[in-house]
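One structure is given below, encoded as structure tokens.
In this text, all values refer to a predicted model and were calculated from it rather than measured experimentally. Note that these values count all heavy atoms, side chains included, but never hydrogens, waters or copies made by symmetry.
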Amino acid sequence: MAFMEKLGAAGETQRYELKQGETIIGRNPDSDIIVDVGAVSRLHAKIVPKGDQYLLVDQGSRNGTFLNGQLVNGSAILAEGDRVRICEVELVFHADVAPAFVTGPAMTYDSGSSFGVTMVDDTWDGSSLSKVEFRSGADGLKISATPEVKLAALMRINANLSEALTLDEVLPKVLGTLFEIFPQADRGFVVMKDAEDNLIPRWVKMRRAEDESKSVRISRTIIREAMSSGTTILSLDASNDQRFDSSQSIADFSIKSMICAPLIDGNGQSFGALQIDSTEGRGQFREEDVDLLSGVAGQAAIVIRNSQLHERSLKQQEVEQDLRLATDVQQAFLPQSSPEIAGYRVCSYYQAAQFIGGDYFDYIPLPDGRWGIVAADVVGHGVAAAMFMAKLSAETRFCLAADPNSAAAIERLNDNMSLLKLERFVTFLLMVLEPGSDEVRIVNAGHMAPLVYHAATGATSEPGEEESGLPIGIDAGMSYDSVTLHMKPGDVAVMYTDGINEAMNAEDELYSIDRIRACVAKGGGAETILDRIRTEVHAFIGNSGQDDDMCMVVIERTA
């Protein structure tokens, strides 16, 4: 019977067998697979048998159903190891029956794993371990594959592993092939380290079906010894091996013979181990089996690492897809066109360093006919800064609409943002324009003052620099001053964020405010000055890449 495996945050799993009819996935308590997350729809998706296959069908869910990182448009055929993501919950599809102990209760790292395997810390004497350590015992049944069978199996493992992409495909194929190469093997394990250096059994295989329901113990000590030494441990007769006299895992299962080979990556670091053993006198492993298992382990290690990279790539694609969607959302927060303000022309430039950024600008119509022009910079960049920016955008519009006094409105904005206790702040510059008037009100909260070009004299100024207050969000109760600027026809004011003046070239040299001043001092209209600064900045950084978000708003008095 096919089943879905639900992956937990700590590595635990839960199994759900698929029904003969529809298997419903959703937040509804009557669902066959309950996913109790707020963003999941009550009837989110379903899995329907279709001949020998299973069909994943999205039920028109609000947040979509993803198959291997791709949004399901209607339905899709499931294949072994496919990963189904519903919000932050991930399910893995398995077409075949897993060992019965998979369905048992999940255990902690100390007591076992999701495969029902208990790892124990045995006491054993491995002080004289070399590449091949064995103790000769009583003659027993000798079962081994012929060289022809081993060669055929190795060729098959080459073909099988080269086609496998995910760990859920690679690991069972590794153990299945080992059972073909080593007919004396009764059990096989793949154990791997997690991010916290815990040893986790990732796949288990039993030769006999009746063994699948039995409890399983394997020695964490032996596996760690193989990994730390980077060598394969062989015991020809484990039950009489003096090194294992105190080994509970050996005694409990009457293990006759065993081999444990480390999984080593391209940097020579061990990240797990393969272990096979024989029980109940089926046979013994031989010295020549060591090199064979070591070779398979080396080959498997490469494919396992590749599959991990593939899985990370799929997750990265999901993240990038989410970020692209977030980029579209953020763009919707920013002005889509320049405002029409009598006597003024306004233009802007915005370029995030990543998919989304923390720089913010806006054109806000006020109830009395004036316009608020804002440029701001949230500390940092990326997702967190963008989310803070979204909140700032909404609060700015509310505060400016609620209080005609510009300085008082920014004081209220600071109080509201400070109450969030997010340990983030934002430098903020506001210029309030009155249509047909040359009077502009400026409120500065820790931002660079606007650079103003005066057409009549060719001089530049930076009004409000001395009156700048603390950035928004540091502490409530701050006061801010309003400064008046008179803009005559031809005058141009440049608002910008530090992604412009702190842009860095390959020699770690900053573009600097002085270079911006020089660009502004050359004069011209709003579009001319904006294009001049933008072109010079990108020529300055060259191929170094953009380190921070860039934002400019340029205001020109036209009449």
- Under the side chain to side chain contact (heavy atoms under 4.5 Å, CB included) criterion, do M417 and K391 qualify, and how do the steps go? CA-CA 8 Å; M417 297 303 292; K391 176 64 174 175; 4.0 Å; yes
- Task: Begin with the C-alpha distance, continue with both residues' side-chain angles, and end with the deciding distance and a verdict on side chain to side chain contact (heavy atoms under 4.5 Å, CB included) for R534 and M550.
- Result: CA-CA 9 Å; R534 178 177 56 190; M550 293 183 180; over 6 Å; no
- Item | Worked check of side chain to side chain contact (heavy atoms under 4.5 Å, CB included) between S393 and D362 | CA-CA 8 Å; S393 171; D362 206 354; 4.1 Å; yes
- Item | Worked verdict on M431 versus I442 for side chain to side chain contact (heavy atoms under 4.5 Å, CB included) | CA-CA 5 Å; M431 297 182 70; I442 302 173; 4.1 Å; yes
- Please report the C-alpha distance between D415 and R412 in whole Å, then the side-chain angles of each, then the deciding distance to 0.1 Å, and finally whether the salt bridge (Lys or Arg N to Asp or Glu O under 4.0 Å) criterion is met. CA-CA 5 Å; D415 291 344; R412 183 173 184 176; over 6 Å; no
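Counted within 6.0 Å of NZ on K193, heavy atoms from surrounding residues, nucleotides or ligands total more than 12; the atom is thus considered enclosed. The neighbour count for D514 CG, taken as heavy atoms of other residues, nucleotides or ligands under 6.0 Å away, is above 12.
When all heavy atoms of V40 and C87 are compared, the pair lying nearest together is CG2-SG, 3.8 Å. Scanning all heavy atoms of the two residues, the minimum distance from K19 to Y54 falls at O-CE2, 4.4 Å. Taking both residues in full, the closest heavy atoms of R15 and F3 are given as CG-CD1, 3.4 Å, listed atom of the first, atom of the second, then distance. In terms of heavy atoms, S31 sits closest to L43 at OG-CD2, 4.5 Å. For the residue pair A45 and Q59, the shortest heavy atom distance occurs at CA-CG, 3.6 Å.
Distance check: L451 CG to I513 CD1 gives 7.5 Å after rounding to the nearest 0.5 Å. Between atom NE2 of residue H486 and atom CG of residue D438 there is a gap of 6.0 Å, rounded to the nearest 0.5 Å. How far CD1 of I410 is from CG of N405: 10.0 Å, rounded to the nearest 0.5 Å. Distance CG/D377 to CZ/F425: 9.0 Å, rounded to 0.5 Å. How far CZ of F361 is from CE of M389: 9.5 Å, rounded to the nearest 0.5 Å. Between I472 atom CD1 and L430 atom CG the span is 10.0 Å, to the nearest 0.5 Å.
Screening L56, I47, I25 for a side chain to side chain contact (heavy atoms under 4.5 Å, CB included) with M4, the sole residue that qualifies is I47. With F428 as reference, L413 is the one residue of L413, N414, V443, N444 to meet the side chain to side chain contact (heavy atoms under 4.5 Å, CB included) rule.
At least one donor-acceptor pair under 3.5 Å links the side chain of S468 to the backbone N or O of G446. The backbone N or O of Q351 sits less than 3.5 Å from a side-chain atom of Q546, completing a donor-acceptor pair. Here the side chain of E411 pairs a donor or acceptor atom with the backbone of Y480 at under 3.5 angstrom. Not one N or O on the side chain of R345 forms a donor-acceptor pair closer than 3.5 Å with the backbone of E527. For the pair R397 (side chain) and I364 (backbone), a donor-acceptor distance under 3.5 Å is absent. Between the side chain of R515 and the main chain of Y511, a donor-acceptor pair closer than 3.5 Å is present. In this structure a side-chain-to-backbone donor-acceptor pair under 3.5 Å is missing from N267 to Q269. Within the 3.5 Å criterion, the main-chain N or O of S437 finds a donor-acceptor partner in the side chain of Y344. The backbone N or O of I500 lies less than 3.5 Å from no partner atom in the side chain of E502, so there is not a single donor-acceptor pair. In this structure a side-chain-to-backbone donor-acceptor pair under 3.5 Å is present from S338 to V346.
Taking the six-membered ring where the residue is Trp, Y349 and H538 present perpendicular rings, their angle passing 60° and hence far from 30°.
Side chains of H94 and E80: a donor-acceptor N/O pair is present below 3.5 angstrom, by distance only. A donor-acceptor contact under 3.5 angstrom links the side chains of S348 and Y363, judged on distance only. With no hydrogens or angles considered, a side-chain donor-acceptor pair links D58 and S61 at under 3.5 Å.
Judged by a 6.0 Å distance limit and a 45° cone about the ring axis, R83 is not positioned over the six-membered ring of F93.
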